[in-house]
Amino acid sequence: IHEEDQQMRIISVQSIAGSTGVTSVATEIIADKLRAKEAILAIDLGNTQMLGRKNLGRGFETLGDASLIFGAWPAGVWLRQEALPRLCLLDLREQRHPYDACEEEVLLALTCYDSVGDILDRLRDQMASFATRFDSCVVDLSQAPDLLRRLFIAVSDEVHFCERLMSESQTWEAFREKFLDGEEYKPDQIWIKHPDRGEWWPQVIEDCPGMRAS
């Protein structure tokens with residue numbers, strides 16, 4: 001178990017378009033963390049729910065329903081498990097459909113909070129609790145609704161964006177203007193753009209190189 005002041009690095013991978021390689025990039029990041037022998041929490045909020053399947057055989061165990069991190073049930077309930085694995089996955093396997101097009105009123109109804117600000121405060125608290133047990137948290141937001149992306153941009157130490165150049169609305173510039181410019185974000189937050197991969201699909205994840213900012 002980590003010291004109380006341990007800082008878990010939160011890394012979110014996002015896009016505006018589909019088939020841009022979000023889950024593949026998240027899997028590459030996870031591979032780098034595994035090589036560094038880190039304890040990892042993987043969170044799959046993408047509408048394809050592919051992150052767990054991409055990482056089959058790597059030792060990840062499903063911790064529970066990812067929707068609970070937005071609610072009042074504290075992460076501490078999970079963390080009281082004495083034999084909590086070093087590699088854990090949260091996904092929306094049971095609650096996916098309410099989150100497929102999650103807007104403010106939907107999320108407020110699902111969580112029973114008064115404002116999105118309250119939900120963000122809860123998310124920050126949950127992430128702080130997880131920091132006592134994990135070195136890194138990798139979040140897959142493949143084609144996720146804008147609200148979920150905004151929430152994780154606010155708490156992320158690194159925001160990775162997978163670009164699609166065939167449309168001006170799906171470029172790095174469009175993403176930055178919509179989600180980053182003029183917004184409050186964590187001090188020293190890093191933004192990383194990944195060039196357009198089109199329909200690229202990796203065949204051998206194990207041999208992918210380490211992440212490179214571009």
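A donor-acceptor contact shorter than 3.5 Å is absent between the side chain of Asn55 and the backbone of Thr27. Under the 3.5 Å distance criterion, the side-chain polar atoms of Gln189 are matched with a main-chain donor or acceptor of Ile153.
The heavy-atom pair separating Gly46 from Gln49 by the smallest distance is O-NE2, 2.8 Å. Taking each heavy atom of Arg133 and Ala39 in turn, the nearest pair found is O-CB, 3.7 Å. The minimum heavy-atom distance linking Leu120 with Ala154 is given by the pair CD1-CB, 3.8 Å. Among all heavy-atom pairs drawn from Gly52 and Asp44, the shortest one is N-OD2, 4.2 Å. Closest approach of Asp157 and Lys186 over heavy atoms only: OD1-NZ, 3.0 Å. Minimum interatomic distance between Leu90 and Phe130 (heavy atoms only, all atoms of both residues): CD1-CZ, 4.2 Å.
Side-chain contact check for Ile30 versus Leu51: some heavy-atom pair is nearer than 4.5 Å. You'll find the side chain of Ser67 stays beyond 4.5 Å of the side chain of Leu110, heavy atoms only. Between Phe70 and Arg122, every side-chain heavy-atom pair lies at or beyond the 4.5 Å cut-off. Residues Lys54 and Glu28 have side chains not in contact (no heavy-atom distance under 4.5 Å, counting atoms from C-beta outward). With contacts defined as side-chain heavy-atom distances shorter than 4.5 Å, the pair Leu108/Asp118 does not qualify. A heavy-atom distance below 4.5 Å is found between the side chains of Thr62 and Arg93. Looking at Val139 and Met127, their side chains never come closer than 4.5 Å, going by heavy atoms from C-beta outward.
A side chain to side chain donor-acceptor pair (under 3.5 Å) with Ser136 is found for exactly one of Arg9, Glu158, Glu38, namely Glu38. Among Leu148, Leu45, Asp140, Val159, the single residue meeting the side chain to side chain contact (heavy atoms under 4.5 Å, CB included) criterion with Ser12 is Val159.
The aromatic rings of His160 and His194 lie parallel to each other, their planes meeting at an angle below 30°, with 60° marking the opposite boundary.
Considering CD1 of Ile40 and SG of Cys137, their distance stands at 10.5 Å, rounded to 0.5 Å. Remark: Ser15 OG to Arg149 CZ distance equals 6.5 Å, nearest 0.5 Å. Note that CZ of Phe161 is 11.0 Å distant from CZ of Arg176, once rounded to the nearest 0.5 Å. Rounded to the nearest 0.5 Å, atoms CG (Asp146) and CD (Glu104) are 12.5 Å apart. We find the OG1-CZ distance between Thr171 and Arg164 to be 12.0 Å, quoted to the nearest 0.5 Å. Taking SG of Cys162 as the start and CZ of Phe175 as the end, the distance is 9.5 Å to the nearest 0.5 Å.
For Asp114, the CG atom is loosely surrounded, since the number of other residues' heavy atoms within 6.0 Å does not exceed 12. Counting heavy-atom neighbours within 6.0 Å of Glu105 CD, excluding the residue itself, gives a total above 12. With a 6.0 Å radius and a threshold of 12 heavy atoms from other residues, nucleotides or ligands, Glu177 has its CD atom at or below the threshold. The environment of Tyr185 atom OH is sparse: at most 12 non-hydrogen atoms of other residues, nucleotides or ligands sit within 6.0 angstrom.
Between Arg96 and Asp100, at least one side-chain N (NZ, or NE/NH1/NH2) sits under 4.0 Å from a carboxylate O, which counts as a salt bridge.
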Query raised in the report: So Leu68 and Trp78, side chain to side chain contact (heavy atoms under 4.5 Å, CB included) or not? Walk me through it.
Result: CA-CA 11 Å; Leu68 295 172; Trp78 286 316; 3.6 Å; yes
Query raised in the report: Do Tyr99 and Leu107 pass the side chain to side chain contact (heavy atoms under 4.5 Å, CB included) test, and can you show the C-alpha distance, the side-chain angles, and the key distance before you say yes or no?
Result: CA-CA 8 Å; Tyr99 288 86; Leu107 191 55; 3.8 Å; yes
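Criterion: ILVMFWY side-chain heavy atoms under 4.5 Å apart, direct or through other members. Under it, Val25 and Leu165 are not part of a common hydrophobic cluster.
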